[in-house]
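First comes the structure, then the notes that go with it.
Start at 1 and go down the list; that is how both ligands and their atoms are numbered. Computed from heavy atoms alone, side chains included, the values below leave out hydrogens, waters and symmetry copies.
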Amino acid sequence: MSDRLADLADSLRAVRERISAACAAHDRDPAHVRLLAVTKTFPASDAALLTDLGLTEFGENREQEASAKAGEVASLRPDVAVRWHMVGHLQRNKARSVARWAAEVQSVDSARLADALAKATRAARDAGERDTPLDVLVQVSIDGDPARGGCPIPELPALLDGVTRTGELRLRGLMTVAPLGMEPDAAFDAFHQVAQRIRVEHPNAVELSCGMSNDLESAIAHGSTCVRVGTALLGGRGLASP
Ligand SMILES: *Cc1c(COP(=O)(O)O)cnc(C)c1O
């Protein structure tokens, strides 16, 4: 076993233990908490090794990096069905490219972006570049700070209706990042309450993507169905990285 594979196996075991412990503490089934490995800034070879350890869902936050990496992993592990998730802020002019490689976009935060993604998905399907609908999560801004991305809570109902109306995107749920300077417990509690309210109108929006390396226990306590873990699996990204 390569040193890197052994290191990744160790950290994966530790992350899985944290997820199991948090689930046990809150009477939840670990099978209902997906682990999304956030591979941003790390090479395709790491993602390939993670597939050897059984992971098949990866998150990226930059379109160009993700597009290249998805292609590399496909040639490194041609037999593995990987699902790539866009988790970072997305410009509308990147929608067409995202529709080629992404199974899911977790960072939809405006109706204009949703429209662009719907058009791009249709075009990708017509071009034979994808054969599945695009799954989307709407990113929620818990504190309403526009600088940090996400849809402010009061604008959420209109955006969700807009996503549904495209007829092309499959609304799966909501995503959030705990705001800086806010207790994760308070942020994820607010997020969970919003998710329960919107489910009245959107019963299929059952995914709650929240929790990262530092706050996944709190997220699981508040109903997370998808934790997005980078550092705790792959190591530090260094100061220059996002
Ligand atoms: C980088 C990133 C993560 C992973 O963060 P870690 O603290 O390294 O686990 C999760 N979600 C989003 C949106 C990210 O950009």
Side-chain angles (χ1 to χ4, degrees), residues 7-8 10-19 21-22 33-44 46-47 49-50 53 55-67 69-70 83-91 94 98 101-110 113 117 135-143 145-152 172-185 187-188 191 195 207-242:
D7 287 348
L8 291 172
D10 284 345
S11 47
L12 176 58
R13 194 173 312 118
V15 168
R16 290 228 190 270
E17 276 167 16
R18 286 176 61 191
I19 293 172
V33 182
R34 290 187 296 156
L35 173 57
L36 184 66
V38 179
T39 44
K40 66 187 185 201
T41 79
F42 289 93
D46 278 351
L49 291 174
L50 287 172
L53 297 169
L55 291 185
T56 54
E57 304 215 64
F58 299 104
E60 287 283 332
N61 72 335
R62 292 185 173 179
E63 200 285 322
Q64 269 181 310
E65 179 185 346
S67 171
K69 206 176 293 181
R83 294 186 85 240
W84 291 94
H85 300 244
M86 178 65 182
V87 300
H89 179 70
L90 183 59
Q91 313 245 315
K94 303 283 174 62
V98 169
W101 58 264
E104 178 165 306
V105 175
Q106 297 206 350
S107 45
V108 174
D109 62 359
S110 75
L113 176 59
L117 286 170
D135 286 341
V136 301
L137 304 186
V138 165
Q139 183 178 351
V140 179
S141 169
I142 296 299
D143 62 357
D145 180 351
R148 308 199 57 243
C151 174
R172 302 301 315 279
L174 304 178
M175 182 272 251
T176 202
V177 179
L180 288 174
M182 185 170 182
E183 280 298 321
D185 271 328
F188 296 142
F191 182 57
E207 294 282 350
L208 267 76
S209 173
C210 61
M212 322 202 305
S213 291
N214 288 332
D215 54 19
L216 67 88
E217 282 86 358
S218 167
I220 289 170
H222 295 285
S224 174
T225 64
C226 174
V227 292
R228 310 179 306 267
V229 181
T231 312
L233 274 180
L234 291 139
R237 290 182 293 271
L239 288 178
S241 307

> Can Lys69 and Glu65 be counted as an ion pair, charged N to O under 4.0 angstrom?
Replying inline: yes

> Do the side-chain N and O atoms of Thr39 and Glu60 include a donor-acceptor pair separated by under 3.5 angstrom?
Replying inline: yes

Does any N or O atom in [X] lie less than 3.5 angstrom from one in ligand 1, N or O only?
X: Asn214; answer: no
X: Gly230; answer: yes
X: Asn61; answer: no

>> Once side-chain contact (heavy atoms from CB on, under 4.5 Å) is applied, do any residues pair with Glu57, and if so which ones, sequence neighbours excluded?
In response: Arg34, Leu36, Arg83, His85

> What part of Gln106 sits under 4.0 Å from ligand 1 if we count only heavy atoms: the side chain, the backbone, both or neither?
Replying inline: neither

>> The criterion is salt bridge (charged side-chain N to carboxylate O under 4.0 Å, His left out); which residues satisfy it with Glu183, sequence neighbours excluded?
In response: none

>> Does Arg16 form a side-chain contact (heavy atoms from CB on, under 4.5 Å) with Leu35? I'd like the steps, not just the answer.
In response: CA-CA 8 Å; Arg16 290 228 190 270; Leu35 173 57; 3.9 Å; yes

> Which atoms from ligand 1 have a heavy atom of Val229 less than 4.0 Å away?
Replying inline: 9 (O)

>> I'd like to check which ligand 1 atoms, numbered from 1 as shown, lie under 4.0 Å from a non-hydrogen atom of Thr231.
In response: 6 (P), 7 (O), 8 (O), 9 (O)

